[in-house]
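What follows is one structure encoded as structure tokens, with my remarks underneath.
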Amino acid sequence: EEQGIIKHGVWLDRLRKRITESREVTVFLSSPFQGLLLERAGLVERKGPSLVALCESKGVRLHFVDLRWGITSTMSDNFLTVKTCLDAIRGSDIFVGFYGQRYGASVLDGKSANWLQPSLELCYEDFPWLKDHAPLADVLVSVEGNTTTKTCTQKSVTHLEFECGYNDEHAGSDGSEDPAGPVVGFAFFRGQQFDDYHMRKDEKEAWKYQAENLESRQCLAQLRRDTRMWAERGRGACFEYGTPEDFVEEATKQLHDVLQ
């Protein structure tokens, strides 16, 4: 099921103008890693070469930003994970986001607050909309051996990537006709049947296919609703899909149509 299409030619015109001038196009992939590795591998490693070849035939270089290998231990130790992701989105042209039932790292999961809250603080100067981005939570974090209360958004890293890459209200603007960041976006949400099957199949791996808790499930449901609304503004499309293979085929088709 598709909701919303890239219906305003101005978006595609802007993308093509950017590509014509730079002779490059960058696609950012956004998702929680665990539970969605088949989608990433299928698109980048199996279908990616044909898309690269398509672009090369037009004298354009295609780059996929897949941060499975992009976050180093040094970045993590210096709380640069979120900023690295958002900076990469701001430097991309096309956003492709995809989700199963797992929400991903957030202060709601009971284990990420100590690294995520300071990671968010480092983003506030370049991404000021993050500072008071509702819904907010008061979280206990350890600072130089002392426990203190900090306030930050409840949203997961991937949710914030969707906000940065798909929601044009947060688009960077330097007063130009083509502000930095993705011009078009595609969002894909996997149906629950696939995740339910894998939850039952392997109890040890079940955590990869389910929301961390009720609050996380509610945030993901809100993201689904918001993404459909953003799609209907005309700069992207929102899809439901059944299996990783369904995602790979549809994402490849959409990228092919935009890049050809």
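No experiment lies behind these values; they were computed from the predicted model shown. In what follows, every heavy atom counts, from backbone to side chain, and hydrogens, waters and symmetry copies are set aside. We number each residue from 1, following the sequence as shown.
- Residues R190 and F98 have side chains not in contact (no heavy-atom distance under 4.5 Å, counting atoms from C-beta outward).
- Within the 4.5 Å cutoff, the side chain of P182 has no heavy atoms near those of the I94 side chain.
- Aromatic ring pairs are classed by plane angle as parallel below 30°, tilted from 30° to 60° and perpendicular above 60°; the pair F127 and W129 is perpendicular.
- When the side chains of ILVMFWY residues are joined at heavy-atom separations under 4.5 Å, either directly or via intervening members, Y124 and M75 end up in a single hydrophobic cluster.
- Salt-bridge annotation for D13 and K17: absent, with no side-chain N of the basic residue lying under 4.0 Å from a carboxylate O of the acidic one.
- Under a 4.0 Å N-O distance rule, the pair K83/D126 qualifies as a salt bridge.
- The minimum heavy-atom distance between T252 and L51, with the atom names listed, is O-CD2, 4.1 Å.
- Side-chain contact between F28 and E161 is present, with heavy atoms from C-beta onward closer than 4.5 Å.
- Counting only heavy atoms from C-beta outward, the side chains of T81 and W115 approach each other to under 4.5 Å.
- A cation-pi contact, defined as under 6.0 Å to the ring centre and within 45° of the axis, is absent between R40 and F247.
- Residues L80 and S119 form no side-chain contact, since every pair of their non-hydrogen atoms from C-beta on lies 4.5 Å or further apart.
- Using a 4.5 Å cut-off on side-chain heavy atoms (C-beta onward), S30 and V96 make no contact.
- In the hydrophobic cluster analysis, where Ile, Leu, Val, Met, Phe, Trp and Tyr join through side-chain heavy atoms closer than 4.5 angstrom, L108 is grouped apart from Y209.
- In this structure, E240 pairs ionically with R224, as a charged nitrogen and a carboxylate oxygen lie closer than 4.0 Å.
- With contacts defined as side-chain heavy-atom distances shorter than 4.5 Å, the pair F188/E250 qualifies.
- Note that SG of C55 is 4.5 Å distant from CG of L259, once rounded to the nearest 0.5 Å.
- Here R61 does not pair with E56 in a salt bridge; the nearest charged N to carboxylate O distance is not below 4.0 Å.
- Side chains of Y99 and P32 form a contact here, defined as non-hydrogen atoms less than 4.5 Å apart.
- With salt bridges taken as basic N to acidic carboxylate O contacts below 4.0 Å, one links R46 and E245.
- With values rounded to the nearest 0.5 angstrom, L36 atom CG is found 11.5 Å from L29 atom CG.
- Hydrophobic clustering of Ile, Leu, Val, Met, Phe, Trp and Tyr side chains at less than 4.5 Å, counting indirect connections, unites V157 with L67.
- Note: F95 and F162 meet the aromatic proximity criterion, with ring centroids under 6.0 Å apart.
- K150 contributes atom NZ, which lies 12.0 Å from atom CG of L120 (distance to the nearest 0.5 angstrom).
- Both L255 and L54 belong to a single network of hydrophobic side chains, linked directly or stepwise wherever heavy atoms of I, L, V, M, F, W or Y lie under 4.5 Å apart.
- The hydrophobic cluster containing M199 does not contain L220, counting ILVMFWY residues as joined when their side-chain heavy atoms lie under 4.5 angstrom apart, directly or transitively.
- By the 4.0 Å N-to-carboxylate-O rule, R217 lies too far from E212 to be salt-bridged with it.
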